[in-house]
Colleague: 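Take a look at this one; I'll ask things after.
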Number of protein chains: 2
Amino acid sequence: MSDAQPLYAKVKDHILENIRSGAWEAGRRVPSENELVESFGISRMTANRALRELTSEGFLSRVPGVGTFVKEAPALSSLMELRNIAEEIAQRGHRYSSRLIRKGVIDSNPALAEEFEDRGIKQLFHIVIVHEENGVPVQLEDRHVNPAVAPNFLEHDFTETTPTAVLLAATPVDELEHTVEATLPSTEQQRLLGIAALEPCLALYRRSWSRGKVATVVTLTYPASRYALYSRHRTSARGTFSQ
Amino acid sequence: MSDAQPLYAKVKDHILENIRSGAWEAGRRVPSENELVESFGISRMTANRALRELTSEGFLSRVPGVGTFVKEAPALSSLMELRNIAEEIAQRGHRYSSRLIRKGVIDSNPALAEEFEDRGIKQLFHIVIVHEENGVPVQLEDRHVNPAVAPNFLEHDFTETTPTAVLLAATPVDELEHTVEATLPSTEQQRLLGIAALEPCLALYRRSWSRGKVATVVTLTYPASRYALYSRHRTSARGTFSQ
DNA sequence: CTGACTATACTGTATATACAACCTTATACA
DNA sequence: TGTATAAGGTTGTATATACAGTATAGTCAG
């Protein structure tokens, strides 16, 4: 006993566990406040708090006079934050897997040197990975890494930890640059992602800086039918929006 | 006046107003629950709810035994800064123009009510505009606006000022949600943007909140060949990296 | 002066109760 | 058959009360 956990938190965990495990699929009705009162032996206000917080957190939706329901969880990737796609998928209660297509050292060239803002750079690490959700490819990662920033990068086996996780653990990120565009996939991309020629894709190009150097340059390609980029954040309470 | 607003919401608004106006700067102590009880003539649970929600929304921080304080404003990550496309184009030294395709009031429906998080909403403002750079369409804007937030919205002639500028001037923006996906254009989009059927497009879906209400929902469609989304920003010491 | 104790203020949680608004379903009635 | 009404379940809000845990300021004994 003595979980030292508040009652409303236990109720929230119980509901979240059912959602995460897939036992309660989207749209399903969750127990009403009065049903929670009976099954947990708590007061209605405590049940109300649990359901209300889960609603504001985006897991449930409530309709007065009708009930509370599991909300649709869209397949979304966060746009501005560096998140680990494996965690993201796991968080949705789905199975993550990956296929390592390429891993090695390549010689630099003028275009790459430009991207890394380092004329003298000689060699780069290069990996290509297909990330899968429930066995379906959802992201093609084509990444170059600056050996000066993460010299041990290639020592990792990327089946267990994603490159994002490795880099985040190895180096601080000072600055990020993103470019997002829509593309039609190349034949190789079609093959690796298992999509048709006419399926549009999102291409997210990202450079990240660490201690003043470009640490990594990556292009992430998402099939439009399987993934969208998402961000939601609060803006400063004081007027950051000039004009 | 007197929107028949719940008591806890009035308290939240009062506090937010003080934060927004700058009257209460970061770190400043806000009234304790018992002080709110006295000044608003409410029960402590109601004051507690107001402060608790503002805390979970990131505006306040609370320390048991000490008090409640205004939180530091987090740095805005900025791919998604609300920028005025007219200014953006002017900044590049190009000529901005626009074509107003539609402007009027439409009846709500369940899908729109859901997007606006207001089941009772009856009517919405709706505009469609094509933005052009040097006479070439670069963005199709399809926007719905909540009349409760910007009642004078339709009074503007959008040839001189863009809807974004109008809304920014009229209301504070508390929160932004973005979804980006790749699409192939519908026939109407092809016609309005003057593009081929096989040209992929970026669809940027954005909702913005003002004083707790969804103020506007907009879908911006960019032809991939003419526009990409770009951002670059420093990451703050903390934050930015969720989990 | 220092350390232990106490009083006080504040947040955190939990309950019991109440009323309003909303929705669905069953029932009664025309 | 169609319509109005009633009943019951559901969420939304608000109050009064209680107790626990935490931090601070002040008091008192050593």
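Numbers restart at 1 for each chain; the letters A, B, ... are given by sequence-line order, proteins then strands.
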Colleague: Take atom CD in B:Glu38; do more than 12 heavy atoms of anything else shown fall under 6.0 Å from it?
Modeller: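 No.
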Colleague: Quick check on side chain to side chain contact (heavy atoms under 4.5 Å, CB included): which of A:Val30, A:Leu54, A:Thr55 does A:Arg62 satisfy it with?
Modeller: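 Checked A:Val30, A:Leu54, A:Thr55 against A:Arg62; only one passes side chain to side chain contact (heavy atoms under 4.5 Å, CB included): A:Thr55.
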Colleague: Below 4.0 angstrom from OP1 or OP2 of C:dC10, is there any side-chain N or O of B:Thr68?
Modeller: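 For C:dC10, OP1/OP2 do not have a side-chain N/O of B:Thr68 under 4.0 Å.
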Colleague: When rounded to the nearest 0.5 angstrom, what distance separates CD in B:Glu177 from OH in B:Tyr205?
Modeller: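 So the CD of B:Glu177 and the OH of B:Tyr205 are separated by 6.0 Å.
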Colleague: Send over the distance from B:Glu38 CD to D:dA16 P, rounded to a whole Å.
Modeller: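 Rounding to the nearest Å, CD of B:Glu38 and P of D:dA16 are 13 Å apart.
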Colleague: Indicate the atoms forming the closest heavy-atom contact of A:Thr159 with A:Ser98, along with that distance.
Modeller: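 Scanning both residues completely, I find the closest heavy atoms to be CA-OG, 4.2 Å.
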Colleague: Return the nearest nucleotide to the side chain of B:Tyr8; candidates are D:dT13, C:dT15, C:dT13.
Modeller: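 Minimum distance to the B:Tyr8 side chain belongs to D:dT13.
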Colleague: CD of A:Glu33 versus P of C:dA20: gap in Å, rounded?
Modeller: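 Result: 18 Å.
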Colleague: Measuring to OP1 and OP2 of D:dA14, would you say a side-chain N or O of B:Thr46 lies under 4.0 angstrom away?
Modeller: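 B:Thr46 to D:dA14 OP1/OP2: no side-chain N or O under 4.0 Å.
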Colleague: Can you work out whether B:Leu51 or A:Ile42 has the more 5'-proximal nearest nucleotide on DNA chain C?
Modeller: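 Result of the comparison: B:Leu51.
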Colleague: Is the shortest distance from a Lys or Arg side-chain nitrogen in A:Glu199 or A:Arg226 to a carboxylate oxygen in the other one below 4.0 Å?
Modeller: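 No, this pair does not count.
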Colleague: Given D:dT13, D:dT10, C:dC23, which nucleotide is nearest the side-chain atoms of A:Asn34?
Modeller: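 Comparing D:dT13, D:dT10, C:dC23 against the side chain of A:Asn34, the answer is D:dT10.
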Colleague: Toward the 5' end of DNA chain D, which comes first, A:Gly67 or A:Arg52, by nearest nucleotide?
Modeller: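 The residue mapped nearer the 5' terminus is A:Gly67.
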Colleague: Nearest-Å distance, CZ (B:Phe69) to C1' (C:dA9)?
Modeller: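 So the two atoms are 12 Å apart, to the nearest Å.
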Colleague: Side chain of B:Arg29 only, please: which of C:dC10, C:dT11, D:dT13 is the nearest?
Modeller: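 From the listed options, C:dC10 comes nearest.
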Colleague: Check whether the side chain of B:Arg44 and the base of C:dG12 form a donor-acceptor pair under 3.5 Å.
Modeller: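 Check passes, donor-acceptor contact within cut-off.
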Colleague: Rounded to the nearest Å, what distance is computed from the CD atom of residue B:Glu35 to the P atom of nucleotide C:dT11?
Modeller: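 In whole Å, C:dT11 P and B:Glu35 CD are 8 Å from each other.
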Colleague: The side chain of B:Met45 lies closest to which of these nucleotides: D:dT15, C:dT11, D:dG12?
Modeller: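 Out of D:dT15, C:dT11, D:dG12, the nucleotide with an atom closest to B:Met45's side chain is D:dT15.
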Colleague: B:Leu36 has an atom CG; how far is it from atom P of C:dA9, in whole Å?
Modeller: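 Taking CG of B:Leu36 and P of C:dA9, I get 16 Å after rounding.
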Colleague: Would you mind reading off the distance between A:Asn48 atom CG and D:dA14 atom C1', rounded to a whole angstrom?
Modeller: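 Whole-Å distance recorded here is 11 Å.
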Colleague: Take atom CZ of B:Arg62 and atom C1' of C:dC10, then tell me their distance rounded to the nearest Å.
Modeller: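 After rounding, the gap between these two atoms is 8 Å.
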Colleague: Roughly how many Å is it from CG in A:Leu7 to C1' in C:dA14, rounded to a whole number?
Modeller: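 Rounded to whole Å, this separation is 7 Å.
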